[in-house]
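Working notes, beginning with the structure itself.
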Amino acid sequence: MAKIKQAMWVHGTSVQEEREGYFTSKRRKGFGAVFQTTGTQWFHFAIPTPIIFDNKNSLIEKIFVYYRTTMNAKITAIHVYDGVVKIHSIDNLALNGDHSKKITLNHNTWLMNKQHNDHGGLGISVCVDFGDSTPQGVSSITFCSAGADFIIT
Amino acid sequence: MAKVDLSKYLTYIRYQWGSGCFNYALMAVWDILNEINCPNSPNMSLAFAQHLFHRPDRWMSKPWAAFPGYYGTLDGRWHPMPLVQPIKDHPYESNIMKTNWMQTFGNPTEGSMPSIGNWGYDAAQLTREAVNEASNYRMNGTPTKIEISTTKFKEELNKYNPIRLAVGNHVVAIVGYDDSLKRFKFVNDFGDTQYAYVANNPMQGGAFATFTYDEVDSKNSWRGYLEEALIFQIIPPKPVPTARIWVKHNSNRNNINMWLSVEDSPKPKKKIWPPWELTVEHKGGWDAVGGGPENVSHTLNFTVRLPSEFIWPPSPDNRLVLDLYDSDALDSKFSKGGGELVDFRANFGNHIVNCKEILNNHPNSIKFKSNEHKRFYIPE
């Protein structure tokens with residue numbers, strides 16, 4: 001039986017910062033959302049999720065986070081949520097640079113093959129370590145897009 | 001010979017326009033701890049602490065306290081304010097220092113509270129910006145009472161802990177020591193002209209004076225009996241975008257009016273000086289507090305948070321604006337008018353962007369005259 005594949009994406013401007021405060025300088029531009037701060041911060045994407053398609057359940061095949069960093073900022077963890085349930089963790093990362101335009105496996109694209117358990121929508125949480133500010137500037141991350149491939153079996 | 005001087009972490013010298021010395025000393029301690037842990041942090045506002053002091057009925061008793069023993073903040077939270085046994089001569093201070101607001105709520109910064117306020121009434125309530133920022137400036141636990149002795153004071157100062165000291169009917173902050181002089185240095189809260197500079201005691205002058213080691217060990221000083229010494233532990237704040245402004249006035253820094261804004265922003269300019277408390281205490285302070293208007297600070301060197309709408313970093317299409325106006329409205333019979341802007345820079349942690357107009361003029365500062373308005377930009 002042929003698998004039906006769906007790709008659901010959101011633009012980076014929709015990302016939400018977990019702990020908001022005056023310690024983060026943020027701006028939303030046409031190309032994405034830019035955050036500058038120090039220390040560690042979590043960011044969250046809510047991905048539109050086809051839980052049921054034509055009376056069939058979906059399987060999460062891949063997730064994507066397109067981004068670019070400056071200075072010391074690096075992504076240290078990606079956690080994937082099915083509603084309230086964490087279904088996948090990718091920890092101990094140190095990802096930086098420009099990964100905003102094309103797919104690069106294990107840099108902005110991760111294979112999942114996880115059954116969606118009908119708890120709710122798909123959430124992608126990204127932990128960023130900005131490090132300290134320096135005389136040259138304050139580290140930044142720009143979130144450009146995020147999404148997921150679903151397989152309907 | 002060992003010595004420690006934490007006063008290098010304290011640029012903002014306060015002037016006590018009335019009662020509340022314990023809060024002024026607390027904020028000096030807090031500023032030092034912030035600057036050590038997170039350089040270029042904004043200076044702490046007195047407003048909330050003074051409000052708790054002047055309106056104990058808001059948290060101690062009905063009808064103003066809906067739940068006595070708790071203080072309700074604008075964000076809907078109730079903060080436990082357990083009443084404690086007061087120490088002699090310092091009844092309110094004891095309660096304010098040992099209750100939980102510094103741990104559960106935190107404290108706002110200069111420039112975030114109303115510029116026209118009133119300690120005694122509800123105008124001293126917190127603004128939304130103050131509520132939003134306060135959690136970044138919190139204490140980690142209640143203050144620790146320490147032994148009053150030379151050995152203990154030196155031990156704490158060596159650990160970068162300034163000491164809030166109740167002495168006589170007053171409270172100051174111990175900020176350093178020098179074994180060669182056998183003296184502790186403290187900062188007072190009556191401006192930067194209170195103490196004369198003397199040749200044989202280089203730790204004294206301006207806002208700073210000293211106690212000898214013997215005075216500390218005997219708990220009996222020229223300023224009165226040493227009653228209680230407290231140290232504080234902060235939760236290190238995260239850096240926020242700030243401006244450091246250093247200005248000198250020829251007679252009285254309260255003549256200077258300053259606003260920060262983002263160029264072309266439709267939002268109101270952020271009034272950063274004078275701070276709100278000075279707009280209140282004039283009415284009592286001018287006459288009631290010894291010294292009068294001539295006995296105030298000339299220098300203002302302080303740090304305030306940038307307007308919330310400012311997006312870091314400054315750039316030609318995103319300029320930070322400082323408006324400065326010397327009203328020369330105070331002190332007119334003594335006033336020489338005018339002054340100079342020594343420094344103006346924007347900071348986000350260790351990233352500093354200077355006002356080039358000032359740098360280009362270095363080593364001279366930018367002069368301003370009485371009743372003159374000047375505007376400075378970063379970048380120019």
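Letters A, B, ... mirror the listed sequences (proteins, then strands); counts begin at 1. Everything quoted here is computed from the prediction, not taken from an experiment.
Applying the 6.0 Å contact sphere to CH2 of W110(A) captures more than 12 heavy atoms from other residues, nucleotides or ligands. Counting non-hydrogen atoms of neighbouring residues, nucleotides and ligands closer than 6.0 angstrom, the CZ atom of F31(A) exceeds 12 such neighbours. Counting non-hydrogen atoms of neighbouring residues, nucleotides and ligands closer than 6.0 angstrom, the NZ atom of K159(B) exceeds 12 such neighbours.
Proximity to chain B at a heavy-atom threshold of 4.5 Å picks out Q36(A), T37(A), T38(A), G39(A), T40(A) from residues 33-43 of chain A, in numerical order. Taking 4.5 Å as the heavy-atom cut-off, none of the residues of residues 91-109 of chain A approach chain B. Residues of residues 314-322 of chain B never come closer than 4.5 Å to chain A when only heavy atoms are counted. Below 4.5 Å, heavy atoms of chain B meet heavy atoms from R19(A), Y22(A), F23(A), S25(A), K26(A), R27(A), all part of residues 18-28 of chain A.
Of the possible polar contacts, one joining the N350(B) side chain to the S133(A) backbone as a donor-acceptor pair under 3.5 Å is found.
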